[in-house]
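Only one structure is covered here, and it is reproduced in the block below.
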Protein chains: 2
Amino acid sequence: MATIKQVAKLVGVSPTTVSNVIHGRKNKVSPEIYKRVKEALNQTNYVSNMSGRILSQNGSKIIGVILNYSRRSEINVVSDPFYNQMIGYLEEQIRMNEYYMMLYTSGSVQESLNLASAWKIEGLVILGALPEDAEKIIQVAQMPVAFIDTYISDALMKKRFINVGLQDFKGCYEITNYLIDLGHRQIGFCADGNTLKGVDEERYKGFKQAMADAGLKFDEEKDYFGLPYQINERHDYLSKLAKQRFRSYTALVFTSDYLAIDAMNILKDNQYRVPQDLSITGFDHNIFSEQARPKLTTVEQNVHEKAELTIKHLMQEIHEQGTQITNIKLSTKLIIQESTQALKK
Amino acid sequence: MATIKQVAKLVGVSPTTVSNVIHGRKNKVSPEIYKRVKEALNQTNYVSNMSGRILSQNGSKIIGVILNYSRRSEINVVSDPFYNQMIGYLEEQIRMNEYYMMLYTSGSVQESLNLASAWKIEGLVILGALPEDAEKIIQVAQMPVAFIDTYISDALMKKRFINVGLQDFKGCYEITNYLIDLGHRQIGFCADGNTLKGVDEERYKGFKQAMADAGLKFDEEKDYFGLPYQINERHDYLSKLAKQRFRSYTALVFTSDYLAIDAMNILKDNQYRVPQDLSITGFDHNIFSEQARPKLTTVEQNVHEKAELTIKHLMQEIHEQGTQITNIKLSTKLIIQESTQALKK
DNA sequence: CTGTTAGCGCGTTCAG
DNA sequence: CTGAACGCGCTAACAG
């Protein structure tokens, strides 16, 4: 509640002196006064008013974290533990850098940029942006931006933009290969919705490549399953699939643990045994894959590392030490658990 | 990027006029000029600078959301879907009220209050605060504060404080009673940690009351299981319990779905069949209880409603229309699913 | 080493 | 209906 002025009056010095003490500029204040001001600061429980600070050109100390939910339905963004974990870790990293986190979910680029300029936000973290939105942002944003899990062509990348993602192609290639090695030939691919973009698209490509490399047939019309976003619709649809079309497969690859577990439960309800009747794989290695029985064979990504790297590079850019384009693809790890087994001959 | 001054110069009017247009004060500006200014505003993509606004006494439009993790380990806060859902819904509600959300996890009251005063935060939402922390906050906070899931005595409540919670006692009483009705007599109670506070304590009381009302013995030393926070330690401990002490029970009551599912898996790994060998209940009715097989018998709380009510009342307080102490206890609902069954004689 | 002054962008007087 | 002037809290440049 106390302002610099009030503290200054209390001690009997000028506001500048107080400001200097606050910023620890010992060389500009005599030790004696420094001590007295410091005490007054503690006594009055002085907290600097951020708006004053921002106005006098000193950075807002805010990192905006924007959750894009144009891709997935809102329900999933709230429920999918990947986003939740990510937000938790981002908050941790931002706080550790003595910045503040403003969280915003937004479907539109303009909205996000308005937020940023209204608050003179120093850096932006954008989760799950579509490639076309990312392009727009790169063109107009005035501050460093870090994208997480967005596919941006290198040509578009600029110095102040950071892109942290995963080796989605490779991850999905490997897990598909693993299924093929187990003897599976009829493998279906299941994802959110009918048009794949970004992360899911890369995973799909990895899957198809693995199939092609093994000389296996894959019919994009028949063997690709686009699941509804809405949980009830999805369950109905999965039930139908379980009763008919899924019967001709021995393994199913899902683009996320969330979807895989969801489907596995519906399959169980329809008297499938996993993995005896059907092998199932997920992607993420989050809490769902561990809590499920059988535990899910999946692809691990290190969410904490993702958050840490993102904020680390963002901070570098903010402090102008960034020297090159940052486009990181973190490696993945195949986690073999209980939801897959070798095909019996 | 444009400031009021710049827009004013562009149109050829004074800053005041522009300000008036921004605030829609049509009676103070001629229609002709109003239109021209409006156009310029759109063209330049004007966004008002928040710091200027805050400084000139007009509210920061920030709601601070503080996650207290002194009670639970950080790991759980990040993983427990209750918190995640809550944050998602709070963000939604805050945004819908045209406010901004600043997210902060903190173990100390002072830190939280510093955040609030630095940003002139208009309202605070505090998740899972300890009663003693809540008391401190009530004493010193300058703005409306809404506590979620904190037990505060009515005597301490003041006009500007809001408390939204659950009928935890009743919820746990009912589910325990349900088990008793099913014929269970040896019922254990499992919770996070060894000293129960707030929500968990109330649930424990509800449990004990149900046992007492049914004339059943309950030994606080023996029949209460305090589980370690750390996931690995917890699993080890649960494994031990599964092999020995759990054998003498026919039902276990858990304080959250998260813990119940975690334990259920360990039990399965130890050849228990749920519910045939052991009935299990959770609390929350979140995604875990639905994704599990068997689906968990649990107590439902409406998280969305909780968030909505919290922000609604907080907004009322902010706009000074709050007239009375707000201490809400939302009702719960028993959700009977597959993890419980009648005891065979 | 210390104090004075100006200005950041906005909203709100108060005169014209 | 319009504009000039002030102040919010802070910092940086400049004077003493």
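Because only heavy atoms are used, hydrogens play no part in the values below, and waters and symmetry mates are left out as well, while side chains stay in. Chain letters run A, B, ... following the sequence lines, proteins first, then strands; residues in each count from 1.
In terms of heavy-atom proximity, Glu91(B) sits nearest to Tyr104(A) at OE2-CA, 3.4 Å.
Among the nucleotides dT2(C), dC10(D), dG9(C), the one closest to the side chain of Thr17(A) is dT2(C).
The closest donor-acceptor contact from the side chain of Ser60(A) to the backbone of Lys120(A) lies under 3.5 Å. Remark: the backbone N or O of Gly59(A) is not paired with any side-chain donor or acceptor of Arg53(A) at under 3.5 angstrom.
Side-chain contact check for Tyr99(A) and Glu122(A): at least one donor-acceptor pair (N or O, by modelled atom type) lies under 3.5 Å.
Rounded to 10 degrees, the angle separating the terminal axes of the helix from dC1(C)-dG16(D) to dG16(C)-dC1(D) is 50°, with each axis obtained from five end pairs.
Both Leu55(A) and Asn27(A) lie close to DNA chain C; mapped to their nearest nucleotides by heavy-atom distance, the more 5′-ward contact belongs to Asn27(A). Between Tyr34(B) and Lys120(B), the residue anchored nearer the 5' end of DNA chain D, judged by the nucleotide with its closest heavy atom, is Tyr34(B).
Residues Val125(A) and Ile66(A) have side chains not in contact (no heavy-atom distance under 4.5 Å, counting atoms from C-beta outward).
Across all strands, Ile54(A) comes closer than 4.0 Å to no nucleic acid atom at all (heavy-atom distances).
Within the cation-pi definition used here (under 6.0 Å to the ring centroid, within 45° of the axis), Lys329(B) qualifies as a partner of Tyr151(B). Geometric assessment of Lys26(A) against the ring of Tyr34(A) yields a positive cation-pi assignment under the 6.0 Å and 45° thresholds.
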Given protein heavy atoms under 4.0 Å, the one-letter contact record of nucleotides 11-16 of chain C, with B base, S sugar-phosphate only and - none, is simply SBB---

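With respect to the salt-bridge test (charged N to carboxylate O, under 4.0 angstrom), the residues Glu308(A) and Lys312(A) do not qualify.
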